[in-house]
Amino acid sequence: MSQDAETLVATLPDGSSVRYVREDGRCSGDPGEAQVLAAFLAHVIDQPSVEAARWVEGDASAGELAVRRMPGNMLAIEAGERRVTLQRDAVIAALDGVLGERLESEPFWLFQPTPIACRPAPHERELLAPIERRAGDFYQAVEAGALDALTESARRQLLLAELAVLGLLDEPLLLDKLFWLRTWGMPALASVAAAARDLWDYFRSAPRRLQVGEPPPEQLRGARVSLDWMRAPAPVPAGWKPHEWLAVCERMLVKLPPAPTAARGRLFVTQGPVLAEVFWRREDGEHPAIYGAHVGRRG
């Protein structure tokens, strides 16, 4: 934006204010632009984080307030008879300013199991950086076979605990978290968020209901399927859909529970000509979870 662009001040009902800058000729409406923005911000920041995210994306309404996504990354905001069209980036910057005033003392905004904002705090990237490094180092060490079984198990349990604190194993705003992890260049944590998203989709799928006959688990830690089944997708036999095959493998873990003293092992799944060796381990130290497979044919 140009340095001589106009600055508008929006005052919210609680007395807080936010400035945003607009380029000349990019806004339409009457002189009440700041009041329209203030009405939008006051509504959005009082919403649950998931609902707030819907308003920031556009195409939402409540009473006399409405927002629509427009071409060119613009948002059209209506408050009663007043209407203003603003750059979405400018609206987001204004929202970030208000959130910064209200939530300055909170250690996490977006990255926690129950997000308290639909936007990340400025410092969250720095807070996540060391966890990204630890996660990346761990996954590389596992792939290289550089860890003994006890060390791998202990480090995995510690990592899962950290991921749970960040809310990367929970559904609220998981797609938003994934977006920011990718934007910030954090591939290890992004792979976890994407795997968690795919795993929740599976646990709510019709094939799982048909094969396993249980509701989704309350949390991913301790579930029968590991994040790693999704992080590095296990092979799917020809003619099978991924959720159907995974549900069959999970059902076999239910039918053939491993011995309580075993920390990891394998089971064999046969379906017609398909013969699969499915691997499991107790990732949380207690519950077995399938994490990979080798698929072949009988005979």
Side-chain angles (χ1 to χ4, degrees), residues 107-108 110-113 120 123-171 173-203 217 219-236 242 245-246 249-250 253 258 262-267 276-296:
F108 286 100
L110 177 61
F111 287 88
Q112 63 176 33
H123 59 274
E124 285 193 276
R125 183 175 184 176
E126 288 70 28
L127 290 171
L128 291 171
I131 304 176
E132 165 67 22
R133 288 193 294 271
R134 286 196 293 274
D137 291 345
F138 172 71
Y139 289 132
Q140 288 179 11
V142 171
E143 291 172 5
L147 303 176
D148 61 75
L150 289 178
T151 300
E152 179 184 333
S153 177
R155 287 183 60 177
R156 178 175 284 107
Q157 290 186 51
L158 289 173
L159 178 59
L160 287 173
E162 286 191 295
L163 298 175
V165 170
L166 296 177
L168 292 183
L169 307 184
D170 300 276
E171 288 190 282
L173 294 185
L174 191 55
L175 290 179
D176 298 80
K177 295 171 187 176
L178 177 57
F179 168 82
W180 284 106
L181 292 170
R182 288 172 172 169
T183 299
W184 291 337
M186 298 184 176
L189 294 182
S191 72
V192 169
R197 172 202 60 193
D198 295 343
L199 204 47
W200 281 118
D201 287 345
Y202 161 70
F203 280 129
Q219 59 181 16
L220 295 187
R221 291 174 71 188
R224 294 195 195 96
V225 183
S226 167
L227 288 167
D228 283 352
W229 187 283
M230 300 298 186
R231 279 191 65 255
V236 178
W245 175 246
L246 177 52
C249 294
E250 184 187 0
L253 188 64
R264 61 172 59 216
R266 60 182 180 171
L267 54 88
E277 185 181 17
V278 179
F279 305 100
W280 62 267
R281 62 194 173 207
R282 299 185 191 274
E283 295 192 336
D284 65 345
E286 181 180 358
H287 303 93
I290 55 176
Y291 65 90
H294 291 157
V295 174

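We're numbering straight along the sequence, starting at 1. Because the structure is a prediction, the values reported are computed rather than measured.
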Chemist: Supply the atom-to-atom distance F279 CZ to L267 CG, rounded to the nearest 0.5 angstrom.
Modeler: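 Going from the CZ atom of F279 to the CG atom of L267 covers 9.5 Å.
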
Chemist: Do the non-hydrogen side-chain atoms of L173 and W180 ever get within less than 4.5 Å of each other?
Modeler: no

Chemist: Hey, are the side chains of L189 and L163 touching, using non-hydrogen atoms and a 4.5 Å cut-off?
Modeler: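 The answer is yes, as the side chains (C-beta and beyond) meet within the 4.5 Å cut-off.
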
Chemist: Kindly indicate whether the side chain of S226, heavy atoms from C-beta on, has any atom under 4.5 Å from the side chain of R281.
Modeler: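 Answer yes - side chains close enough.
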
Chemist: Using side-chain heavy atoms (C-beta onward) and a distance below 4.5 Å, is W184 in contact with E132?
Modeler: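 Of all side-chain heavy-atom pairs linking E132 with W184, none is under 4.5 Å.
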
Chemist: Which heavy atom in E283 sits nearest to a heavy atom in Q157, and how many Å separate them?
Modeler: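 Closest approach of E283 to Q157: O-CG, 3.1 Å.
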
Chemist: Is the backbone N or O of H294 less than 3.5 Å from a side-chain atom of E277, with the two atoms forming a donor-acceptor pair by type?
Modeler: no

Chemist: If you look at every heavy atom in R282 and P288, which pair is closest and at what distance?
Modeler: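 Smallest heavy-atom distance, with atoms named: NH1-CD, 3.3 Å.
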
Chemist: Minimum heavy-atom separation for D170 to P113, with atom names?
Modeler: OD2-CB, 3.7 Å

Chemist: Would you compute the distance between atom CD of E162 and atom CG of L128 and round it to the nearest 0.5 angstrom?
Modeler: 10.5 Å

Chemist: Within a strict 4.5 Å, meaning less than it, do heavy atoms of the M186 and V192 side chains meet?
Modeler: no

Chemist: Do any N or O atoms from the side chain of K177 and from the backbone of A193 form a donor-acceptor pair under 3.5 angstrom?
Modeler: no

Chemist: Using modelled atom types only, decide if a donor and an acceptor are shared between the side chain of S191 and the backbone of A188 within a distance under 3.5 Å.
Modeler: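 Confirmed, S191 side chain pairs with A188 backbone.
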
Chemist: Does R266 CZ have over 12 foreign heavy atoms under 6.0 Å away?
Modeler: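 12 or below, so no.
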
Chemist: At their closest point, which heavy atom of W200 faces which heavy atom of L169, and how far apart are they?
Modeler: NE1-O, 3.1 Å

Chemist: What's the shortest heavy-atom distance between F138 and E152, and which atoms?
Modeler: CE1-O, 3.7 Å

Chemist: Is there a side-chain contact between L166 and L127 in this structure, where contact means two heavy atoms from C-beta onward sitting under 4.5 Å apart?
Modeler: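 No - every pair of side-chain heavy atoms lies 4.5 Å or more apart.
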
Chemist: So, using ring-ring contact (aromatic ring centres under 6.0 Å, His included) as the criterion, who are the partners of H287 when residues are at least two apart?
Modeler: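 For H287, no residue satisfies ring-ring contact (aromatic ring centres under 6.0 Å, His included) once neighbours in sequence are set aside.
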
Chemist: I'd like to know whether R134 forms a salt bridge (Lys or Arg N to Asp or Glu O under 4.0 Å) with D137, so could you lay out the CA-CA distance, the side-chain angles of the two residues, the decisive distance to 0.1 Å, and finally the verdict.
Modeler: CA-CA 5 Å; R134 286 196 293 274; D137 291 345; over 6 Å; no

Chemist: Mind checking the CZ-CD spacing from F203 to Q219? Nearest 0.5 Å is all I need.
Modeler: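 With rounding to 0.5 Å, CZ (F203) is 11.0 Å from CD (Q219).
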
Chemist: According to salt bridge (Lys or Arg N to Asp or Glu O under 4.0 Å), who are the partners of E124, at least two apart in sequence or on a separate chain?
Modeler: none

Chemist: Would you mind reporting whether D228 and R156 have side-chain heavy atoms less than 4.5 Å apart?
Modeler: yes

Chemist: How long is the straight-line distance from CG of L160 back to CG of D284, given to the nearest 0.5 Å?
Modeler: 8.0 Å

Chemist: With rounding to the nearest 0.5 Å, note down the distance linking CE in M230 to OH in Y202.
Modeler: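 M230 atom CE to Y202 atom OH measures 7.5 Å (nearest 0.5 Å).
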
Chemist: For a quick test of reading the model, state the closest non-hydrogen atom pair linking P258 to L253 and the distance between them.
Modeler: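 Taking every non-hydrogen atom into account, CD-CD1, 4.1 Å.
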
Chemist: Kindly indicate whether the side chain of W229, heavy atoms from C-beta on, has any atom under 4.5 Å from the side chain of L199.
Modeler: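 Side chain of W229 against side chain of L199, heavy atoms only: no contact under 4.5 Å found.
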
